[in-house]
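What follows is a single structure, written as structure tokens, with notes after it.
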Amino acid sequence: MLNCLGRLEYRGYDSCGVAVSSSGIEVYKDVVRVEALKKALPRVSGTVGIGHTRWATHGEPSQVNAHPHCDCHGSIAVVHNGIINNFQRLKRQLISEGHNFVSETDTEVIPHLIEKYYHGNLEEAVEAALHDVEGSYAIIATRAGEPKLVAARKDSPLIIGIGDRENFIASDVPAILDYTDRVIYLEDGDIGVVTSDTIKIRSDGIEVTRGEHKILWSVEDAQKAGYEHFMLKEIHEQPKVIRDTLGEYAQATEPVVDLEVMRDEGIESMLILACGTSYHAALVGKYIVEELLRIPVRAEIASEFNYYPQTLARTAAIVITQSGETADTLKAIGRLKEVGCRVVAITNVVGSSASRIADQTIYTRAGPEISVAATKSFVAQLMVLYWLALSYSKAGVRRLESLSMGLRQLPSKVQQVLDDEDIIREYADYLSGYEDVFFIGRGINFPVALEGALKLKEISYIHAEGYAAGELKHGPFALLGSDTPVIAIVAQDSTYEAMLTNIKEVKARGSPVIALAGEGDEAIGELADSVITVPQVDALFSPVVNTVVLQLLAYYTAKQRGCSIDFPRNLAKSVTVE
Ligand code: AGP
């Protein structure tokens with residue numbers, strides 16, 4: 001169980017705990033990582049257990065707030081992902097009925113509700129408890145003396161792994177891959193009752209069958225393979241990820257997404273929604289689709305989209321989410337569907353919530369991404385967007401041929417960047433001494449500036465801002481000076497001259513400038529303090545090579561500063577709460 005938990009640590013890691021159930025329940029939890037818990041644990045015995053790694057939402061990371069949580073008598077234990085919105089009211093009610101609470105968490109109401117409704121049958125008690133609960137959850141409950149686990153989900157992922165005389169329940173596949181590749185995905189409203197040799201699933205009180213899936217990736221895919229960090233391994237996998245993702249669709253005989261049908265339906269514009277790094281892919285997608293399809297595209301942050309009335313007539317909607325479980329993005333899909341939009345999801349996780357609620361899913365073939373910082377998933381998302389736009393582009397034959405050729409060459413161009421990582425490492429050593437960094441770009445490389453800044457801030461804790469290069473003069477100039485380096489992303493496109501002007505302006509304010517520029521760009525060498533040369537590609541593909549440089553820059557800067565690269569502070573891989 002501890003091994004399984006270790007593999008899920010990227011989902012949250014501010015504290016962790018386990019409960020082992022036999023005739024009684026023994027709980028061990030603390031504000032430590034799984035490895036430390038493993039060492040601190042006394043010998044415990046039992047054949048049923050639950051464990052959890054936490055990403056705090058209600059109550060600070062502390063021993064008492066860590067999961068599992070128990071009822072008054074310590075005979076029912078529960079682990080929970082998600083948020084119980086009405087927990088304050090439930091807690092007041094339970095306290096008035098004599099229940100004692102010890103933590104600040106929303107989760108603790110669940111074991112107490114199960115205790116309240118327990119009349120000899122754990123699954124019935126769980127079902128009754130969840131009737132009272134509003135919010136999102138994936139829970140597993142166990143009770144002393146009952147050799148089984150009861151699991152339930154709503155808006156938060158949960159899978160069952162089918163083993164050999166042992167079964168598993170987990171929130172994600174890597175947890176169980178050491179033991180089995182046979183998986184059942186629970187659906188919203190399902191209650192699963194799992195023993196070592198039986199699995200029963202009920203929905204609305206009726207027994208249901210959910211299909212079994214074989215996981216196609218292996219334990220090795222979810223391990224570091226000799227790299228010091230998952231992030232570095234995942235950055236280095238990108239040439240393969242590009243080949244795999246493009247290979248999948250280039251060989252498709254049928255269009256995976258029929259944009260022609262959308263056009264027949266009078267579609268005149270496109271909306272792309274996502275969060276974080278996936279939102280930056282959406283922004284790059286806006287430039288790609290507008291150039292190749294000549295339709296207007298809005299790229300929006302899902303959490304913002306969710307709170308305003310929308311006019312979406314004749315709009316095709318795409319959502320991008322690596323995990324397929326980001327709460328804000330899932331809510332956006334719900335809203336889109338409510339107003340009658342047909343939703344295409346681009347996701348990396350087969351069977352994820354996004355893939356199940358969208359009308360159509362296009363999978364990126366990035367393989368499991370464990371590091372909290374998204375890298376290869378971003379590049380894979382771009383590949384899907386390039387492929388989609390190219391498939392339906394109205395550009396001339398020669399331009400299309402040249403772009404197709406450019407796409408095929410991208411793996412070797414990215415490999416070229418990776419082969420030169422020692423040079424990037426030197427720049428990282430330099431950057432690691434600063435506390436503020438600006439990233440600037442224009443056009444299709446403006447989102448790359450945003451992504452470069454996000455990568456640097458999230459893993460090195462250096463304050464970094466991504467800006468449209470032309471916007472610096474409208475305020476941020478006030479922050480420039482010798483202690484604020486500026487990374488300028490320069491592409492050989494219509495923005496080139498304007499970008500050179502912006503670099504001159506920055507230099508005049510005393511900031512050191514490191515430019516990313518294509519091979520053979522001599523003008524830039526005379527302006528910038530230093531230049532990281534990137535392989536020559538069509539400007540439309542420049543976000544790919546430029547982003548890989550910035551990923552390496554962030555990685556080595558964080559390494560130089562001794563940061564926890566795969567598990568940055570306060571973050572989690574999938575953000576399943578709003
Ligand atoms: C970036 O490195 C992060 N991991 C984060 O911004 C992430 O892209 C965001 O939380 C969205 O996740 P998703 O793609 O799984 O929806």
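Ligands are counted one by one from 1 in listed order, and the atoms in each one are counted from 1 as well. Note that the structure is predicted; figures quoted are calculated from it, not measured.
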Per [atom], closest listed option by heavy atom ([options]):
{"atom": "atom 14 (O) of ligand 1", "options": "Ala572, Ala302, Ser278", "result": "Ser278"}
{"atom": "atom 12 (O) of ligand 1", "options": "Thr364, Val372, Thr326, Leu454", "result": "Thr326"}
{"atom": "atom 9 (C) of ligand 1", "options": "Cys275, Ser352, Ala354", "result": "Cys275"}

Give me the residue, atom name and distance of the protein heavy atom closest to [atom].
{"atom": "atom 15 (O) of ligand 1", "value": "Ser323 OG, 2.6 Å"}
{"atom": "atom 10 (O) of ligand 1", "value": "Val575 CG2, 4.1 Å"}
{"atom": "atom 5 (C) of ligand 1", "value": "Thr277 N, 4.1 Å"}

List ligand 1 atoms under 4.0 Å from [X], heavy atoms only on the residue side.
{"X": "Gln322", "result": "13 (P), 14 (O), 15 (O), 16 (O)"}
{"X": "Lys455", "result": "1 (C), 2 (O)"}
{"X": "Gly276", "result": "6 (O), 8 (O)"}
{"X": "Ala374", "result": "1 (C), 2 (O), 4 (N)"}
{"X": "Ala373", "result": "2 (O)"}

Using only heavy-atom distances, determine whether the side chains of [X] and [Y] contain a donor-acceptor pair under 3.5 Å.
{"X": "His229", "Y": "Asp566", "answer": "no"}
{"X": "Asp155", "Y": "Tyr137", "answer": "no"}
{"X": "Ser62", "Y": "Asn65", "answer": "yes"}
{"X": "Gln360", "Y": "Arg342", "answer": "yes"}
{"X": "Asn348", "Y": "Thr364", "answer": "yes"}

Check your understanding: Is a donor on one side and an acceptor on the other found under 3.5 Å between the side chain of Ser15 and the backbone of Ala66?
Key ->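 The answer is no, because no donor-acceptor pair under 3.5 Å joins these two groups.
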
Locate the shortest heavy-atom distance separating [X] from [Y]; write the atom from each residue and the value.
{"X": "Ala428", "Y": "Tyr556", "value": "CB-CB, 3.4 Å"}
{"X": "Asn85", "Y": "Gly135", "value": "ND2-CA, 3.5 Å"}
{"X": "Asn306", "Y": "Ala332", "value": "OD1-CA, 3.1 Å"}

Point to revise | Within reach of ligand 1, part of Glu458 (heavy-atom separation under 4.0 Å) | key: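 Only the side chain of Glu458 comes within reach of ligand 1.
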
May I ask you to check whether [X] has an N/O atom sitting below 3.5 Å from an N/O atom of ligand 1?
{"X": "Thr329", "value": "no"}
{"X": "Lys573", "value": "no"}
{"X": "Gln381", "value": "no"}

**Study point:** salt bridge (charged side-chain N to carboxylate O under 4.0 Å, His left out) partner of Asp188, chosen from Arg356, Lys154, Arg153
**Key:**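 That would be Arg153; it is the only one of Arg356, Lys154, Arg153 passing the salt bridge (charged side-chain N to carboxylate O under 4.0 Å, His left out) with Asp188.
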
